[in-house]
Amino acid sequence: MSPSSLVTVGFAIAAVFLFWTLSSTTSSPFARTFPRLYNKRICLLIAHPDDEAMFFAPTVLALTNPEFGNHLKILCLSSGDADGLGHIRKKELQKSALQLGLRSESDVFIVDEPARFRDSMTTTWSEADVADLLASAFTPPPTAKGKGSPATIDVLVTFDSAGVSNHPNHRSLYHGAVRFLRNLMRDRPGYACPVTLYTLTSTSLPRKYIGVLDAPLTMVLGALRTLRSAISASRRRLAKDDMPNRLLFVASVREWMTAQSAMVHAHRSQMVWFRWGWITFGRYMAVNDLNRERVT
């Protein structure tokens, strides 16, 4: 390679890292302009060990930042035993979660009930089963006076209806989470739902593999959706609270490297050849945008 070509490559690499630094929602000069969650009890609902790193790493890293005072827990509805590695993958999830900022292993709960939640590309889980499990985990029994706190979490984060990768287990979480929230609000006219649901936005195939370069497009599309929401809100009354309609998390270079480590060093059993491409070029390792679901 000629000296001029080396200089061109060097400038290109420097430009990417400069762009990355300016785009980061945690370390850029504009970091504080992005919506945040503060002092919330949050559950990340996933289907398989490694979902938290492959799809939600920027979200987990942001929400576990001690500066914001949140308490994040992970609820995983299978041990990922499709290949008989469930006993290994449970431990891998705990290790990964700690690397991504969770406080302790006790903040990771893994459901190992293949009769209800089988790890399979051909199995759709019952939304009633998912909703019932969430209710049993996060809805305390009423007190002796018949009253109690409606939920022990403030925020639930999971996949959207397309499941990012179209995996039926992922899609099932969305439908179960929506049903859970609807059950919370049943027979309570005028009642504000105590749990806010955020879902990870699925993108087109080309966008999945452009990494942090997808950040500007995500920001523009998000701004347009926010504008449409504002127009819509002027036509109909919505409950007002301090919860943003959208969340955007663009990992810094350091955070991206932490996410890489969570996959490579924690989820060793899953590092087959095609996942190297995902963690290197996949936008979900660097960019997460979440939409608030208005459940009625």
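Note that the structure is predicted; figures quoted are calculated from it, not measured.
In terms of heavy atoms, Ile279 sits closest to Met263 at CG2-CG, 3.9 Å. Contact detail for Tyr209 and Leu205: the closest heavy-atom pair is CD1-O, 3.6 Å. Shown here for Leu184 and Pro194, the closest heavy-atom pair between the two residues is CD1-CG, 4.2 Å. Of all heavy-atom pairs spanning Asn70 and Asn39, the tightest one is OD1-N, 3.1 Å. Cys193 and Met185 make their closest contact through CB-SD, 3.4 Å (heavy atoms, listed as atom of the first residue, atom of the second, distance). Between Ser172 and Val130, the closest heavy-atom pair is O-CG2, 4.1 Å.
Thr158 places a side-chain N or O within 3.5 Å of a backbone atom of Leu45 that can act as its donor or acceptor partner. Distance alone, capped at 3.5 Å, places no donor-acceptor pair between the Arg283 side chain and the Asp214 backbone. Formation of a donor-acceptor pair under 3.5 Å by the Asp119 side chain with backbone atoms of Ala82 is found in this model. No side-chain donor-acceptor contact under 3.5 Å links Ser96 to the backbone of Glu92. Side chain of Lys73 to main chain of Arg41: no donor-acceptor pair is present (N/O by atom type, distance under 3.5 Å, no hydrogens or angles).
Outside the 6.0 Å centre-distance limit, the rings of His167 and Phe159 are not counted as a close aromatic pair. Ring centroid separation for the pair Phe55 and Trp278 comes in under the 6.0 Å cut-off.
A donor-acceptor contact under 3.5 angstrom links the side chains of Glu52 and His267, judged on distance only. There is no side-chain donor-acceptor pair under 3.5 Å between Gln99 and Thr258.
By the 4.5 Å heavy-atom criterion applied to side chains, Arg171 and Asn166 are counted as neighbours. Here the side chains of Pro244 and Tyr198 are in contact, with some heavy-atom distance below 4.5 Å. Within the 4.5 Å cutoff, the side chain of Tyr174 has heavy atoms near those of the Glu293 side chain. Side-chain contact between Cys76 and Pro49 is present, with at least one heavy-atom pair separated by less than 4.5 Å. Inter-residue side-chain proximity for Leu200 and Asn288 is flagged as met; some heavy-atom pair is nearer than 4.5 Å. Proximity of Glu255 to Met257: side-chain heavy atoms (C-beta onward) are nowhere separated by under 4.5 Å. Side-chain atoms of Thr196 and Asp154, non-hydrogen and from C-beta on, never get closer than 4.5 Å to each other. Proximity of Leu85 to Gln270: side-chain heavy atoms (C-beta onward) are separated by under 4.5 Å at one or more points.
A continuous path of hydrophobic side-chain contacts links Leu100 to Met271 [ILVMFWY only; heavy atoms under 4.5 Å]. Hydrophobic cluster membership is shared by Val195 and Val295, with clusters built from Ile, Leu, Val, Met, Phe, Trp and Tyr side chains linked at under 4.5 angstrom. Met243 and Leu44 fall within the same hydrophobic cluster, defined by Ile, Leu, Val, Met, Phe, Trp and Tyr side-chain heavy atoms under 4.5 Å apart, directly or through other members. Note on Ile88 and Val108: separate hydrophobic clusters, where clusters join Ile, Leu, Val, Met, Phe, Trp and Tyr whose side-chain heavy atoms are under 4.5 Å apart, directly or indirectly.
To the nearest 0.5 Å, atoms CZ (Phe109) and CG (Leu93) are separated by 12.0 Å. From Thr124, atom OG1 reaches atom CZ of Arg118 across 10.5 Å, with rounding to the nearest 0.5 Å. One distance of note links NE2 of His48 with CZ of Phe117; it measures 12.0 Å at 0.5 Å rounding. The NZ atom of Lys40 sits 14.5 Å away from atom CG of Leu72, with the distance rounded to the nearest 0.5 Å. Separating the OG atom in Ser126 from the CG atom in Asp132 is a distance of 7.5 Å, to the nearest 0.5 Å. Note that the CG atom of Leu156 and the CD1 atom of Ile42 stand 10.5 Å from one another [nearest 0.5 Å].
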Please step through side chain to side chain contact (heavy atoms under 4.5 Å, CB included) for the pair Phe180 and Val178, ending with a clear verdict.
CA-CA 5 Å; Phe180 166 61; Val178 169; over 6 Å; no
Just do the side-chain hydrogen bond (donor to acceptor under 3.5 Å, both in side chains) check on Asn291 and Thr199 with the steps written out, would you?
CA-CA 5 Å; Asn291 286 309; Thr199 59; 5.5 Å; no
Pair Ile46, Leu75 - check side chain to side chain contact (heavy atoms under 4.5 Å, CB included), show working.
CA-CA 6 Å; Ile46 58 176; Leu75 176 57; over 6 Å; no
side-chain hydrogen bond (donor to acceptor under 3.5 Å, both in side chains) assessment of Asp107 paired with His71:
CA-CA 9 Å; Asp107 286 332; His71 189 175; 3.1 Å; yes
Please report the C-alpha distance between Tyr284 and Met54 in whole Å, then the side-chain angles of each, then the deciding distance to 0.1 Å, and finally whether the side chain to side chain contact (heavy atoms under 4.5 Å, CB included) criterion is met.
CA-CA 7 Å; Tyr284 289 95; Met54 286 183 60; over 6 Å; no
Verify side chain to side chain contact (heavy atoms under 4.5 Å, CB included) between Leu290 and Asp160, making sure each step is shown before the conclusion.
CA-CA 9 Å; Leu290 297 96; Asp160 68 4; over 6 Å; no
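A salt bridge links Asp112 with Lys90: at least one charged nitrogen is closer than 4.0 Å to a carboxylate oxygen. Here Arg246 pairs with Asp289 in a salt bridge; the nearest charged N to carboxylate O distance falls below 4.0 Å.
Take Arg116 and apply the side-chain contact (heavy atoms from CB on, under 4.5 Å) test, not counting sequence neighbours, and it matches Glu113, Asp129, Leu133.
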